[in-house]
There are 2 protein chains.
Amino acid sequence: MTSDVRARTDPSIETARSIVETGLEGGAVVTVFGECTVEYDGRAASTLGPGDRHVMCKPDGTVLVHTDEGHQPVNWQPPGCTHEVVVAEDTFTLESRRDNPDEFLAVTFESVGHVAAFDVTDPEELSLSGTEEDLRQRILENPSLIEPGFTPLATERETPAGAVDVYGEDDDGQAVVLELKRRRVGPDAVGQLARYVEALQRDLHAETGVRGILVAPSVTDRARSLLAERGLEFVALEP
Amino acid sequence: MTSDVRARTDPSIETARSIVETGLEGGAVVTVFGECTVEYDGRAASTLGPGDRHVMCKPDGTVLVHTDEGHQPVNWQPPGCTHEVVVAEDTFTLESRRDNPDEFLAVTFESVGHVAAFDVTDPEELSLSGTEEDLRQRILENPSLIEPGFTPLATERETPAGAVDVYGEDDDGQAVVLELKRRRVGPDAVGQLARYVEALQRDLHAETGVRGILVAPSVTDRARSLLAERGLEFVALEP
DNA sequence: AAATAGATTTCGTCC
DNA sequence: GGACGAAGTCTATTT
């Protein structure tokens, strides 16, 4: 079986340009290994001197520049950009632009070690589990995971401060706000919960007050202090 | 000039395995275009059915699986993982593991369109400007950007709620906390600033109170309301 | 190793 | 298109 691949090792600049350009036009994923410099200007600005890197262009307008280290690209352009190949003497430059925000990325290759264009088509969708949404489903199916007598009444209930993960009432009929996190939480999540409780308090002008419960595998010390200060509660629950 | 590249188009499974394995051992960046399935289990869990994708392995233990769309990989493994190549009948699998947290990724190739191993060495460091740190420098050099008479006294000043971006005092000698953001801010940043002001208030037991100023290009409506509620201020400043 | 917050965060969803 | 919050976020810094 032969795939839709065009590739060349140690190509001339002209050959590299041709494969990149043809690949981009044909909707392929194009990759280049080579020595390059990178200039970026947009939300921020950066320069990157000469070095060996891996550059990938996707048909949706994404550009990724990877070094030999790290999960994240050292430079990139998000989906929706338009690519252009510009040839100079002994170099070729991949230029990528977008508007809103105005951003520009230029990768100039002094030499190319390898270039390839491959027709990537992915019919499958990722099936992911263990997310915050899954945690919510588990609580709705078994509300006593929070506490005996807890009754969920709504998810994503709107308040002036934003949507509450789970809204319900406890055994005594008192309003309860749940903020769910799939991992250990810090002070930020407490702030979020506090804002919701405050907003809902006002919204309901409840005489009995509104309980706020942070649901997560664990909390940091500082977060625990903040919870105590604000009269908020914590329920440990693994994702 | 010849680079340290090994590459093959439409290789046999055995050839592909050989190039990947040799590349990994030699500390190269290895890329594979091909039809594969991906299984992940760790902090969450996922499965991805057969499809054409681009897989990159870095010598630092990173794995990235890219489809034809999006900035982010559809599956990945962060730096620090250990790779292993396992061969079965007509397929080969790249397995990547790490501890703490325990995570496992397996990419099984049914067919390989192209494989390449390239010695990537990047001597340069990225020079980036327009970050929050740059914004802080600008304020320290020209404090009147905040308001006439503002005097910075410390950066990263520690409080029980965390480190404050900029701490100083105003024309009247009143304590001021700045929270800097390089982009338009929402409610979260207001919560952050509120926590700092509250903590510093307590820390200083100041009679005159502590002013909190959010410094950002702009704020959302909800954030503006929250600022007003809590008696906090806003200064517009572009990054 | 844990905690905390930034990031050119990206991404999805809802208004 | 903006707003808001999740993410298997990752990454750097500090304790």
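In what follows, chains are A, B, ... by sequence order, proteins preceding strands, each numbered from 1. Atoms considered below: every heavy atom in the structure, side chains included; atoms not considered: hydrogens, waters and symmetry mates.
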ask   = Just how far, in rounded Å, is P of dA7(C) from CG of Leu126(B)?
value = 13 Å
message = I need the CG-C1' distance between Leu128(A) and dG12(C), as an integer number of Å.
response = 13 Å
query = When rounded to the nearest Å, what value does the distance between P atoms of dC11(C) and dT11(D) take?
reply = 16 Å
Span that lies between the P atom of dG6(C) and that of dA6(D), in whole angstrom = 16 Å
What's the closest nucleotide to the side chain of [X] if the choices are [options]?
| X | options | answer |
| --- | --- | --- |
| Pro78(B) | dG8(D), dT10(C), dA2(C) | dG8(D) |
| Tyr196(B) | dA5(C), dG8(D), dC4(D) | dA5(C) |
| His71(A) | dT10(C), dT11(D), dT8(C) | dT11(D) |
| Arg182(A) | dG5(D), dG8(D), dA7(C) | dG8(D) |
| Asn100(B) | dG8(D), dA1(C), dA7(C) | dA1(C) |
| Arg43(A) | dT9(C), dT4(C), dA3(D) | dT9(C) |
| Thr220(A) | dC10(D), dT4(C), dC4(D) | dT4(C) |
| Gln77(B) | dC10(D), dG8(D), dG6(C) | dG8(D) |
| Gln72(B) | dT10(C), dG5(D), dC10(D) | dT10(C) |

Would you classify [X] as touching base, sugar-phosphate or nothing, given that sugar-phosphate means primed atoms plus P, OP1 and OP2, and contacts are heavy atoms under 4.0 Å?
| X | answer |
| --- | --- |
| Gln192(A) | sugar-phosphate |
| Ala223(A) | nothing |
| Gly70(A) | sugar-phosphate |
| Arg136(A) | nothing |
| Ser46(B) | nothing |
| Glu132(B) | sugar-phosphate |
| Glu179(A) | sugar-phosphate |
| Pro101(A) | nothing |

remark   = Residue pair Asn75(B)/Ala163(A) against DNA chain D: nearer the 5' end by closest nucleotide is Ala163(A)
message = I want to confirm an ordering. Mapping Pro79(B) and Tyr40(B) to their closest nucleotides on DNA chain D, which one lands closer to the 5' end?
response = Tyr40(B)
Basic-acidic side-chain contact under 4.0 Å: Glu132(A), Arg136(A) = no
key: Glu103(A) bridged to Arg43(A) by N-O distance under 4.0 Å   = yes
query = Does atom CG of Asn142(A) have more than 12 heavy-atom neighbours, drawn from other residues, nucleotides or ligands, at distances under 6.0 Å?
reply = yes
Partner of Leu180(A) by side-chain contact (heavy atoms from CB on, under 4.5 Å), out of Leu193(A), Val166(A), Leu237(A), Thr155(A) = Val166(A)
Nucleotide forming a Watson-Crick or wobble pair with dT8(C), both distances under 3.5 Å = none
